[in-house]
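Computed over heavy atoms, backbone and side chain alike; hydrogens, waters and symmetry mates excluded. Every chain is numbered from 1 and lettered A, B, ... according to where its sequence line falls, protein lines coming before strand lines.
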Amino acid sequence: MLVEDPHPPTPDRAPGAPPGRPSDDVAGPPAEDVSPPVLTLADREALLELMVGMRTFEERGVALYKQGRTPGSFYDGHGQEAIPVGATFAMGPDDVLCSPLIRDMGAHLVRGTDLTEIIRHHLGRDNALSRGREGNVHFGDPRRGVVPMVSMLPDMFVVAVGMAMAFRLRGERRVALTFFGDGATSPGAWHEAMNFAGLRREPVVIVCENNGLAYSTPSSAQFVVSPADRAPAYGMPGVVVDGNDVEAVFAAVHAARERALAGDGPTLVEARTMRMHGHGSHDDARYVDPALLEVWRQRDPIATYEATLREAGIDVDAVRTRVLERLDLAVEAALASPLPDPARATDGLFATEEPVPLGRGDAPWSGFAAEASIGGSGR
Amino acid sequence: MLVEDPHPPTPDRAPGAPPGRPSDDVAGPPAEDVSPPVLTLADREALLELMVGMRTFEERGVALYKQGRTPGSFYDGHGQEAIPVGATFAMGPDDVLCSPLIRDMGAHLVRGTDLTEIIRHHLGRDNALSRGREGNVHFGDPRRGVVPMVSMLPDMFVVAVGMAMAFRLRGERRVALTFFGDGATSPGAWHEAMNFAGLRREPVVIVCENNGLAYSTPSSAQFVVSPADRAPAYGMPGVVVDGNDVEAVFAAVHAARERALAGDGPTLVEARTMRMHGHGSHDDARYVDPALLEVWRQRDPIATYEATLREAGIDVDAVRTRVLERLDLAVEAALASPLPDPARATDGLFATEEPVPLGRGDAPWSGFAAEASIGGSGR
Amino acid sequence: MNTVDRASAPGADGSVGDAPATRTMTYLQAITDALRVEMRRDERVFVLGEDVGAFGGAFKATEGLFDEFGADRVQDTPIAEAAIIGTSVGAALAGLRPVCEVQFADFVATGFDQLVNVAGKMHWRTGLAVPMVLRLPSGGGFAGGPFHSQNPEAWFMHAPGLKVVAPSSPADAKGMLAAAIRDHNPVCFLEHKHLYRRIKGEVPLGEHVEPFVARTVRSGEELTIVAYGAMLHLAVEAAGRFEDGRVEVLDLRSLVPLDEEAILASVRRTGKVLIVDEANETCAAGAQVAALVADRAFSDLDGPVRRLAAPDVPIPFSPGLEAAVLPTADRITEAARELLAY
Amino acid sequence: MNTVDRASAPGADGSVGDAPATRTMTYLQAITDALRVEMRRDERVFVLGEDVGAFGGAFKATEGLFDEFGADRVQDTPIAEAAIIGTSVGAALAGLRPVCEVQFADFVATGFDQLVNVAGKMHWRTGLAVPMVLRLPSGGGFAGGPFHSQNPEAWFMHAPGLKVVAPSSPADAKGMLAAAIRDHNPVCFLEHKHLYRRIKGEVPLGEHVEPFVARTVRSGEELTIVAYGAMLHLAVEAAGRFEDGRVEVLDLRSLVPLDEEAILASVRRTGKVLIVDEANETCAAGAQVAALVADRAFSDLDGPVRRLAAPDVPIPFSPGLEAAVLPTADRITEAARELLAY
Ligand SMILES: Cc1ncc(C[n+]2csc(CCOP(=O)(O)OP(=O)(O)O)c2C)c(N)n1
Ligand SMILES: Cc1ncc(C[n+]2csc(CCOP(=O)(O)OP(=O)(O)O)c2C)c(N)n1
Ligand SMILES: [Mg+2]
Ligand SMILES: [Mg+2]
């Protein structure tokens, strides 16, 4: 029954709010009393290794594509590695990623998805991730809690909100992490997802990768107010972070996750960065001023972090060597893989068996080691 | 070529902005130096008459529906008359309404649409507005610059932005006025329309009728932040106005129109009111607390305005009498009208002739009398 | 036996050996009953949509559920069909079984992308199941006009990965909704608004599940009328105007999967077919059935493959116009007569 | 004459008395040419879409237009298909003639509601014309995968009020796009991505308008193959494998309006028909053509109404899988052979 004044002043809590949730601080910043997460030296080395892994993989991917060995298209996130890596590093094993997008190869690496399978997928070979039915960035690893994306932007954000709702309804201690670009804030689906997430305080962590471009279109032709500044319009905080600083991304996403786990709802983390390559490998991006690229190249997330870690005593060259060795083996194995069987192209349109729950992903951050297992289900 | 920093601070003007527009004050309040519009005694009497006309019509409409003479459904805007009347009263003859919705009968009256045709339309008789193809609130009068609505909320807002774009591109001095309810801010189409309007500074005047309810669902279960407070997220001002005060609505919409004509873009006017009847005549709205309705009944837009005008010397009883006489005649004529010819149900799916431009509507505000004609095209 | 105000109703297949207890219900009550029974049976099932909570939905299909199951399992949503569908996909991926109500089937167009591109393609692409139901109050016949009368099922049929069902009787409404909820795939459940309160029938109490196959509602040797949803009742009425044993009526019940064998078996036997659709004619479900028959029953055909459907215009509001557009028992009878005489 | 890498192309109807000057163009160049010519001719025409401005569009269909016509008439939009379509409806109502580009036809699902409910129904409901064109780069064949290969035309055919056309040759691409722009109705213009750079043909310079009717591309007496878009080329290739004069190929070119008389005339003469569709089979354009033939050409049919289409699954990415799903010249040949032998 409608008894309250129909026009509650912003941002009072709606009576429709989920029970048992605190009603303060809806649109405020993340709680200040959360102690900042500690990154050990091993964590930091892992972060570097994951970023280098992403870049090395993608460089090889570009090469394979240009050699004509990869059908369709190839997309990379050169210069944006800190975002998928830093954000996913803050996720626990039972958290889900829904979904890593076009610049987020590193997220898959953090979760531990097999590199050979990923390359098989790109090459259109038979593989455990997509059976050749999908290509380029359209893959995930449900066994590791990673839901594959669809192209339509930002549909998977809506889906992530629904996953988070399920976690909330069941009282589980887990969050859904979602990624999208600056351009993906323009479709109506973004608004609906933001609104549902904010209204119902779903435990969803929202990472907007603002690289200033949507294909050839600059952000300035997408919106007048930046994504983080729009978050309060949905009763959630928006946080801007340096998207080229992997530790900063980790910290911001970690705080957002804590907030979600505490029942305080979603946070939009806007990670600012620059797309350093074309939209895809087919695009020379001549519409971007080389001088601007040069400015950002000075801020390369890997080079700067390497310098920091080298100073901290880490053997960054060994990291690179390890990564390259793994990659070489994976590429070799993938290139030797068979193509999928055309006779099976049409099977499995419908599910005929009780669905298998999503599995748990790798959660390499040392901070999780101490934590008790939080009840995820295997796959 | 992308040369600017991809992350301009909010709310700097985007380089994609239409040329020749001032770049200040994007998200600020309407300019203060616009002198408030003057309402003559005749204007005020007209406002009252239009509100009374709407209410009287709708009460008769409910009766006809309950008598089973009106097929389908019937919706009314009892208690919200000040909004469509006040807002449309601020429109010039060449402005378009796209579109009056479910609570906006008064808008049609301001534009001068023939009452008998409207009743014919409701009754499913042959009529000039819809030929019986549409019913209840689905009508407009293109000859008077009023585009009929569709049900899908808030699709016509998107269309209004497109009409405004055409006016801007052709350099015409006219605006598009659009209406929608609080609930209609949840669909993705709302976001896309707000974003296009704000980004391109379209001359569109946006009236949100916040009556606290979307069917049975209170606003508090639709959003956490009210529509006016969301407008700045799109680089446009949001203004809250008492939706039960017809002169306040008129003034706010007048200011929004001036702002749009000056090239400063859209304004969202949130008119706060209360839905005093059910969602439609089929709905007893038992989900609304009677005490809350009683509070709002004290603020009835017609009763309070009548009191004011009576004090100002206007013969309000004569107004009621005039309205009723016109209505009786119109109902009688409509009930005597023939049904549409079933043989013609399928004709005219496609347009085969050069489209006829929208016509000019009545613009009864005395302030327009002095203004020169602004180049609209007849129909 | 179902009753219907102006048509004899299709028989429920009645003769079960250990027949469960039944009760007379309207089509609408049968839907509510299915929701209640399935929600009691499986705590993963929840409903969401506009005004489905305490209000019980625009048509009262969820009446009583909020009181019994609470706000978490009977969720009022903002007006946002893409989010209703998209969050349901997410909830389904996370192991729940959402049943969404779209207030009128017409509004599904605003959530179309989530349905066809996300829900429909998920399993084939990724192996992930999306067990969810989209309840779509559809159809005309009550002066709903162009935006409250649509029959969008053909759009879904042309979107691989969606199941599409359209019951015509109360017992089927219950049994097929239960089956849809238990299905591991996204199911578009077309419930016909004009049948909600107009038809009553015996409905099994407790658990009741109907498979997604066609059913012969009336047997005949000379002509097969294929129909589903509200049109089934008109087809039965029309068939009843001919001598017993001449006109067979097949209730498709499920459009995806389409019970091709049942259609072909009937048409091969009768040699003639009339396909009735309430939807707009071009590329409707009936076109698919016609194409199927024209290919795979060709050698048994003794006459042209006839269709009756709404012409390709929106559904008009004014009752006289609407009646001119929607198929009627008279027009079905007329077409049947012509075919029988062919 | 058009050329195509692996198939003989459909003939342009060539033999015009006072033939205008022509130039060899790709299908894509022909589209750009149509836009340029029509924009020069009518200042109400403007284009909008994602990246269509200085960048020239994802496929470069609008290349050069921004430089010639400026930002007002070649508008980059945010990623928002509903707004692209909906603001176009508004601009059309206000007297302009928008031509929207949807970056890939697949994304039209996100703007579906504006298209089917607002644009499509407007004229019949209100008498207001909505002259606009939706350019939809569609189709597969290049490892685009499930979200970059779709053929959504049947959805539009089932939405009254939309015209739907799908040219197969450069000359038609130009002439039919010009006709779409001059049409007073919303027109879905399906341009096949796989034809963009693969086929070339002679295209009339300057103004060139093609009506929305079918065209006989190859004459024959024993079998009609009905196709459109990319499939037309495969049909011509397959027909060429039989002796001259046996297999007729009809290029539908327009799906709404559907040139029923041309289809019926051909099938009545040949007595057999094979309908080829790149889209998913169920409720596709081909189903409508089959239903039409099975009803109105029944007495002239000498064999079953055969269809070839993509099975009801998303279009796979891996080239071997994709080839297994899309119709090929070989499969068309095989089906034609069977029918000829029937
Ligand atoms: C609904 C929809 N429309 C259009 C596209 C085509 N498209 C693919 S990526 C892209 C640009 C995305 O920009 P952004 O979200 O900023 O991500 P970025 O590429 O910069 O990482 C576009 C327009 C799409 N994927 N989805
Ligand atoms: C896209 C869409 N979904 C659902 C509906 C059904 N519907 C009609 S009116 C209404 C409530 C509208 O609320 P609001 O916008 O606040 O307007 P009000 O009725 O209060 O004037 C709903 C849900 C619709 N018209 N459009
Ligand atoms: Mg971007
Ligand atoms: Mg409201």
Ignoring hydrogens and geometry beyond distance, is a side-chain donor-acceptor pair present between [X] and [Y] at under 3.5 Å?
X        : Y        : value
A:His277 : A:Asp76  : yes
A:Arg120 : A:Ser337 : yes
A:Asp182 : A:Thr185 : no
A:Asn136 : A:Ser73  : yes
D:His192 : D:Tyr27  : no

Are A:Tyr234 and A:Trp190, when compared by the centres of their aromatic rings, separated by less than 6.0 Å?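 Yes: the rings meet the under 6.0 Å criterion.
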Ring centre gap for D:Phe55 and A:Tyr215 strictly below 6.0 Å: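 They qualify: ring centres under 6.0 Å apart.
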Ring-face cation contact, D:Tyr196 with D:Lys60, 6.0 Å cut, 45° max: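 Verdict for D:Tyr196: no cation-pi partner in D:Lys60.
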Side chain, backbone, both or neither: which part of [X] has a non-hydrogen atom closer than 4.5 Å to chain A?
X        : value
D:Ala58  : both
D:Phe107 : both
D:Glu81  : neither

Selection from [options] maximising heavy-atom pairs under 4.5 Å formed with chain D:
options                                : result
A:Ser151, A:Gly72, A:Ala184            : A:Ser151
A:His282, A:His279, A:Gln222           : A:Gln222
A:Ala214, A:Ser130, A:Ala345, A:Gly132 : A:Gly132

Quick check for you: among D:Ala143, D:Ser318, D:Ala109, which has the greatest number of heavy-atom pairs under 4.5 Å with chain A?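 Counting heavy-atom pairs under 4.5 Å, the top option is D:Ser318.
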Counting heavy-atom pairs closer than 4.5 Å to chain A, which one of D:Val313, D:Leu321, D:Asp106 comes out on top?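 Most heavy-atom pairs within the cutoff with chain A belong to D:Leu321.
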Portion of [X] that has a non-hydrogen atom of chain D nearer than 4.5 angstrom:
X        : answer
A:Arg344 : neither
A:His122 : backbone
A:Asp341 : backbone

